[in-house]
Amino acid sequence: EDELLDPGAVVLRGFASAREAALKDDVARVTAAAPFRHLITPGGFRMSVAMTNCGELGWVSDRRGYRYDPVDPESGARWPALPDSFLALARDAAARAGYDGFVPDACLINRYAPGARLSMHQDRDEKDLRAPIVSVSLGLPAVFLWGGDARADKARRVALHHGDVVVWGGPSRLRFHGVLALKDGEHPFAGGHRINLTFRKVRP
Ligand code: MD5
Ligand code: FE
């Protein structure tokens, strides 16, 4: 029942559900040390999605551009380490999708409140484009937009629910994608939010 979106892109429905207790504890621990914040894009816009990171490298944006940084600019300290529960989930989901030995060095944590959205983009700030990206959806559901290789290509809508994990790699790694504005709701995992964990291997 794994759903193939396209070559290299697989939806593992409910793959994270059995691990939600550890994930909830570890999200709380990481975000206590590195709180969610709304980053500013190079163009000067405040992102509606709140973000933080754990792992050796964190994705940040400001007026100077996008980059991976070993230091949280808010605290001046290194990002919190990747919790074991995160590492094991990312490794196991990647293996299930055919990518053995996935060891991420970055985890971006996205928090969506009602109305928050992510416009169509590519993830191309990573140096190692052979490694997959593993994305874990927790809390409120969202509609993911699955586009093509060009920004203008028509996008498919894919509903992602609590516990769903998507693995993107190979020919799907540079597809355009986005997330529609989150709808209001309540979920025991994250109250009125959706949390997305996005695991990457940035350094080859
Ligand atoms: C989210 N986040 O639901 C999504 C899930 C982001 C982002 O897009 O950049 O933080 S990650 C979906 C993703 C990642 C990398 C590649 C592709 C999709 N893809 O090739 O479609 O908050
Ligand atoms: Fe993305």
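If you're wondering where the values come from, they're calculated on a predicted model, not measured in any experiment. One-based numbering, in listed order, for ligands and for the atoms of each.
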* How does Leu160 reach ligand 1, by side chain, by backbone, by both or by neither, if only non-hydrogen atoms under 4.0 Å count? -> neither

* **N or O contact, His121 vs ligand 1, cut-off under 3.5 Å** => yes

* Which N, O or S atom name in Asp123 marks its closest approach to the Fe ion (ligand 2)? -> OD1

* To do: Determine, for Arg203 against Glu56, whether the closest basic-nitrogen to carboxylate-oxygen distance falls under 4.0 angstrom.
  => yes

* **Which segment of Ser172 sits under 4.0 Å of ligand 1 when only heavy atoms are counted** => backbone

* To do: For the pair Arg37 and Asp72, find out whether any cationic side-chain nitrogen is under 4.0 Å from an anionic carboxylate oxygen.
  => yes

* Check ion pair Asp123-Arg200 (N to O, under 4.0 angstrom) -> yes

* For Leu108, atoms of ligand 1 separated by under 4.0 Å from a heavy atom -> 10 (O)

* **Reported CG-to-OH distance for the pair Leu140 and Tyr112, which is rounded to 0.5 angstrom** => 12.5 Å

* **Within reach of ligand 1, part of Arg173 (heavy-atom separation under 4.0 Å)** => backbone

* Heavy atoms only: which of Leu197, Asn196, Ile133 is nearest to atom 15 (C) of ligand 1? -> Ile133

* Arg156 with Asp6: basic N within carboxylate O range, under 4.0 Å -> yes

* Identify the closest protein heavy atom to atom 14 (C) of ligand 1: which residue and atom is it, and at what distance? -> Asp123 OD2, 3.4 Å

* Given the rule in the side-chain hydrogen bond (donor to acceptor under 3.5 Å, both in side chains) test, do Ser137 and Arg194 qualify, once you have shown the distances and angles that lead to the verdict? -> CA-CA 7 Å; Ser137 292; Arg194 170 178 188 255; 2.8 Å; yes

* Asked: Tell me: protein heavy atom nearest atom 10 (O) of ligand 1, and distance?
  -> Asn110 ND2, 3.0 Å

* **Among Ser135, Gly178, Gly8, Pro132, closest by any non-hydrogen atom to atom 5 (C) of ligand 1** => Ser135

* At the Fe ion (ligand 2): angle between His177 atom NE2 and His121 atom NE2, to 10 degrees -> 90°

* Does Asp125 come within less than 4.0 Å of Arg67, counting only side-chain N to carboxylate O? -> no

* **Modelled atom types, side-chain donor and acceptor of His177 and Gln122, under 3.5 Å** => no

* To do: Dump the intermediate steps for salt bridge (charged side-chain N to carboxylate O under 4.0 Å, His left out) on Asp69 and Arg78, then the final yes or no.
  => CA-CA 9 Å; Asp69 199 316; Arg78 290 186 169 275; over 6 Å; no

* Out of Trp146, Phe176, Phe144, whose heavy atom sits nearest atom 21 (O) of ligand 1? -> Trp146

* Is Arg13 salt-bridged to Glu3, going by a charged N under 4.0 Å from an acidic O? -> yes

* Among all protein heavy atoms, pick the one closest to atom 6 (C) of ligand 1 and tell me residue, atom and distance. => Arg200 NH2, 3.5 Å

* **ligand 1 atoms in contact with Val179 (distance to a heavy atom under 4.0 Å)** => 1 (C), 3 (O)

* Asked: Which one holds for Leu118 and ligand 1: side chain close, backbone close, both close, or neither close, with close meaning a heavy atom under 4.0 Å?
  -> side chain

* Structure fact -> among protein heavy atoms, the one nearest atom 22 (O) of ligand 1 is Tyr112 OH, 2.6 Å

* With a 6.0 Å cut-off on ring centres, are Trp59 and Trp79 close enough? -> no

* To do: Nearest heavy atom to atom 19 (N) of ligand 1 wins, so pick from Arg194, His177, Arg117.
  => His177

* Does Trp59 have a heavy atom less than 4.0 Å from any atom of ligand 1? -> no

